[in-house]
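The block underneath contains the structure these notes are about, expressed in structure tokens.
Quantities reported herein were computed from a predicted structural model and do not represent experimental measurements. Just so you know, residue 1 is the first one in the sequence shown, and it goes up from there.
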Amino acid sequence: MKFTRFTQGLTVYTGVIKDSNIQEIKGDLFGEWEFTGNSFSVADVKLLAPLEPNQIIGIGANYVSKLEDLPTELPEIPVFFFKPTSSVIGPEDEIIIPEGIEQVKFESELAIVIGKEAKNVPESEVLDYVFGYTVGNDVTAPQFFHQDGHWTIGKSFDTFTPLGPVIETELDPFAVKVEANLNGVEKQNSATELMIIPIRKMVSYLTKVMTLKPGDVILTGSPLGAELVGAGDTIECEIKEIGTLRNTFVLAKESVKSN
């Protein structure tokens, strides 16, 4: 199923997309829910990020260019980081470039949505705790990285975590490609088999450190090819089995003028 959040007028709805229609649901997305009987046309609504995350965890530098480059030994402690939930936006929303700089970096990623509480989960059982998958864009301002290697500020600005367009629950995460097109030109296109820390190992490791809860989002890393972009550029992050997450970059002062 493809779950989404959307607005029509001032009301926020949750629903299931099929073809060009959305069937509204009510209840707990990660528990019990039911169809309301209300139906909407995709053309008549504004899609939002498909969930309001509980927390967002990313992993750094997690792809190689070809299978032969995969390391024989994995890092003992993978490089993880947090992104604030206030950075989340949805499809077609503007990504605001912070004041003082003119460029930021896009990073197209497969995002995992956790569906039930997970602690000390073995790798073999990881997928039992996954609700579904969406597309993420881990927007980054490397100009704000700390000289000692701290990434938090450079990844935390408002609008720096586009998610969407849907949560796909019927997906084989090991058989998809993560793509990105900048102004219509392909920049990223890598299979998830090129991940250095595989999905099962990644999630299992995190559950040994912290308790993951329903609604947690894990950004699984971005393929090679991400680059700096500026105002007016449009990025389309895509996993064909999920959909396309499209956003345009604007300067902070331009965004203020437009509101």
Side-chain angles (χ1 to χ4, degrees), residues 1-4 17 19 42 47-51 53 56-70 83 87-95 97 103-113 127 130 132-142 155 159-200 202-203 217-230 232-249:
M1 284 185 161
K2 288 180 165 62
F3 291 90
T4 189
I17 291 182
D19 300 323
V42 173
L47 296 182
L48 306 173
L51 79 163
I56 306 163
I57 307 163
I59 188 169
N62 198 37
Y63 273 79
V64 293
S65 60
K66 54 186 184 295
L67 287 174
E68 305 89 87
D69 292 339
L70 286 171
K83 300 195 75 170
S87 67
V88 172
I89 57 173
E92 303 296 339
D93 289 339
E94 293 178 337
I95 300 170
I97 300 171
Q103 291 184 310
V104 293
K105 192 177 183 182
F106 67 83
E107 296 185 17
S108 184
E109 310 201 7
L110 172 68
I112 297 170
V113 180
L127 297 188
V130 173
Y133 305 85
T134 189
V135 181
N137 185 354
D138 176 21
V139 181
T140 304
K155 289 182 174 288
T159 75
F160 268 27
T161 313
L163 296 174
V166 301
I167 301 172
E168 174 60 79
T169 59
E170 300 172 12
L171 182 80
D172 179 355
F174 311 108
V176 298
K177 289 186 175 182
V178 179
E179 305 177 43
N181 290 281
L182 177 64
N183 302 323
V185 178
E186 183 179 283
K187 295 295 182 178
Q188 294 180 296
N189 190 339
S190 292
T192 51
E193 65 181 355
L194 294 177
M195 287 184 184
I196 297 171
I197 308 292
I199 288 171
R200 288 189 179 94
M202 185 188 309
V203 177
V217 171
I218 302 171
L219 302 173
T220 60
S222 188
L224 303 184
E227 61 184 51
L228 290 169
V229 295
D233 286 329
T234 296
I235 187 67
E236 292 176 307
C237 300
E238 181 178 21
I239 296 172
K240 287 184 169 57
E241 294 81 357
I242 301 174
T244 301
L245 175 63
R246 182 180 185 273
N247 301 92
T248 299
F249 296 87

Output for pair (I235 CD1, R246 CZ), nearest 0.5 Å, gives 10.5 Å
Check: E227 and F106 side chains under 4.5 Å, non-hydrogen atoms: yes
To the nearest 0.5 Å, how far apart are CD1 in I89 and OG1 in T161? 8.5 Å
Report yes or no: does T4 contribute a side-chain atom to a donor-acceptor pair with the main-chain N or O of V166 at less than 3.5 Å? no
Would V178 and Y63 count as a side chain to side chain contact (heavy atoms under 4.5 Å, CB included) here? Give the steps. CA-CA 11 Å; V178 179; Y63 273 79; 3.6 Å; yes
What I want to check is whether the side chains of T140 and K105 have a donor and an acceptor closer together than 3.5 Å. no
Out of I239, V176, T220, which one pairs with T192 under the side-chain contact (heavy atoms from CB on, under 4.5 Å) rule? V176
Separation between CG (L171) and CD1 (I242), nearest 0.5 Å, reads 5.0 Å
Regarding K240 and E179, does a basic nitrogen lie under 4.0 Å from an acidic carboxylate oxygen? yes
Contact summary for N181 and E238, nearest pair of heavy atoms: ND2-OE1, 4.3 Å
Applying side chain to side chain contact (heavy atoms under 4.5 Å, CB included) to N137 and E109, what does each step give before you reach the verdict? CA-CA 6 Å; N137 185 354; E109 310 201 7; over 6 Å; no
Can you tell me if E94 uses its side chain to pair, donor with acceptor, with the backbone of T248 under 3.5 Å? no
Do E193 and L67 touch side chain to side chain, with heavy atoms closer than 4.5 Å? yes
Separation of M1 CE from I167 CD1 (nearest 0.5 Å): 13.0 Å
Side chains of S222 and Q188: donor-acceptor distance under 3.5 Å anywhere? yes
Nearest 0.5 Å, please: how far is CD1 in I95 from CZ in F249? 4.0 Å
I112 and V217: CA distance, side-chain angles, deciding distance, side chain to side chain contact (heavy atoms under 4.5 Å, CB included) verdict: CA-CA 6 Å; I112 297 170; V217 171; over 6 Å; no
Under 3.5 Å, side chain of N62 to main-chain N/O of I59, donor-acceptor pair present? no
Are V113 and V130 close enough, and set up right, to give a side chain to side chain contact (heavy atoms under 4.5 Å, CB included), and what steps lead you there? CA-CA 6 Å; V113 180; V130 173; over 6 Å; no
List the atom of P173, the atom of L110, and the distance in Å for their closest heavy-atom pair. CB-CD2, 4.1 Å
When you measure from the side chain of D69 to the backbone N and O of L194, does any donor-acceptor pair fall under 3.5 Å? no
